[in-house]
Amino acid sequence: LYYYLVVYGFATLGCFAVLAFIDQRSDGVMLADLKGLFRRNPAIAGFFALCLLTLAGIPPTAGFLAKFYVLKTGFEAGYYTLVIVALLVTILSAYYYLRIVSIMLADAPEDSQAVPLGWPSMILSLVCFAGIVYLSLNPASFISLLNHTLGGIDGSTVNAAQIGST
């Protein structure tokens, strides 16, 4: 569960960092603002696509492995109905995430401007990008770190009080 939380934390923060890049007015970012983003700023669009694919749980991103671990744990615990519902919701959410990616791939409107880069959002984006790439390419070392420090991938730990009471 901790692996899932870290992966999805990076992906969610990354999505919000990109939206902060794009937000140039006080009423927020609309889907029309994302149209043609790959042509206007391929780096930001690529990073946003990576975050969305991670949230959707598309292989080979860390989001896939995180969802796999959570669903595997639920299945092994006997929560079959919950796992089936989670799979259906995952498929539904993937549609919406991929829809945003397809909008970014569309042609940019004639009056579109280049996306300016703000330093706070850029730093947050780079940190999130590095975290997602690291967790996607090398999940075993992070899971090993979690197992060593927290007692298991599911977060279960045994403390001295539990040992003394048995």
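This is a predicted model, so every value here is computed, not measured. What's counted below: heavy atoms across the whole structure, side chains too, no hydrogens, waters or symmetry copies. The residues of the chain are indexed from 1 along the displayed sequence.
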Heavy-atom pair with the smallest gap, counting every atom of [X] and [Y]:
X: Asp33; Y: Arg40; answer: O-NH2, 2.5 Å
X: Ile100; Y: Leu31; answer: CG1-CD2, 4.1 Å
X: Leu124; Y: Leu13; answer: CD2-O, 4.0 Å
X: Gly46; Y: Phe38; answer: N-CE2, 3.7 Å
X: Gly14; Y: Cys128; answer: N-SG, 3.6 Å

Might you confirm whether atom OH of Tyr95 has over 12 heavy atoms from other residues, nucleotides or ligands at distances under 6.0 Å? no
Is it the case that over 12 heavy atoms from other parts of the model lie below 6.0 angstrom from the CZ atom of Phe142?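 Counting other residues, nucleotides and ligands, CZ of Phe142 exceeds 12 neighbours.
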Please tell me if the side chains of [X] and [Y] come closer than 4.5 Å, counting only heavy atoms from C-beta onward.
X: Leu53; Y: Tyr97; answer: no
X: Ile132; Y: Ser136; answer: yes
X: Leu92; Y: Leu88; answer: no

Consider only side-chain heavy atoms of I, L, V, M, F, W and Y, link residues closer than 4.5 Å, and tell whether Phe64 and Leu137 are in one cluster. no
Check each of Leu65, Thr73, Val70 against Tyr4 using the side-chain contact (heavy atoms from CB on, under 4.5 Å) test, and report the only one that passes. Val70
Going by the side-chain contact (heavy atoms from CB on, under 4.5 Å) test, name the single residue among Val7, Leu55, Thr54 that passes it with Thr12. Leu55
Phe75 ring center near Tyr79 ring center (under 6.0 Å): no
Would you compute the distance between atom [atom1] of [X] and atom [atom2] of [Y] and round it to the nearest 0.5 angstrom?
X: Leu52; Y: Leu98; atom1: CG; atom2: CG; value: 8.5 Å
X: Phe47; Y: Asn41; atom1: CZ; atom2: CG; value: 12.5 Å
X: Lys67; Y: Tyr8; atom1: NZ; atom2: OH; value: 4.0 Å
X: Leu71; Y: Ile84; atom1: CG; atom2: CD1; value: 11.0 Å
X: Cys15; Y: Phe10; atom1: SG; atom2: CZ; value: 13.5 Å

Verify whether one side chain among Ser141 and Tyr134 offers a donor that lies under 3.5 Å from an acceptor in the other. yes
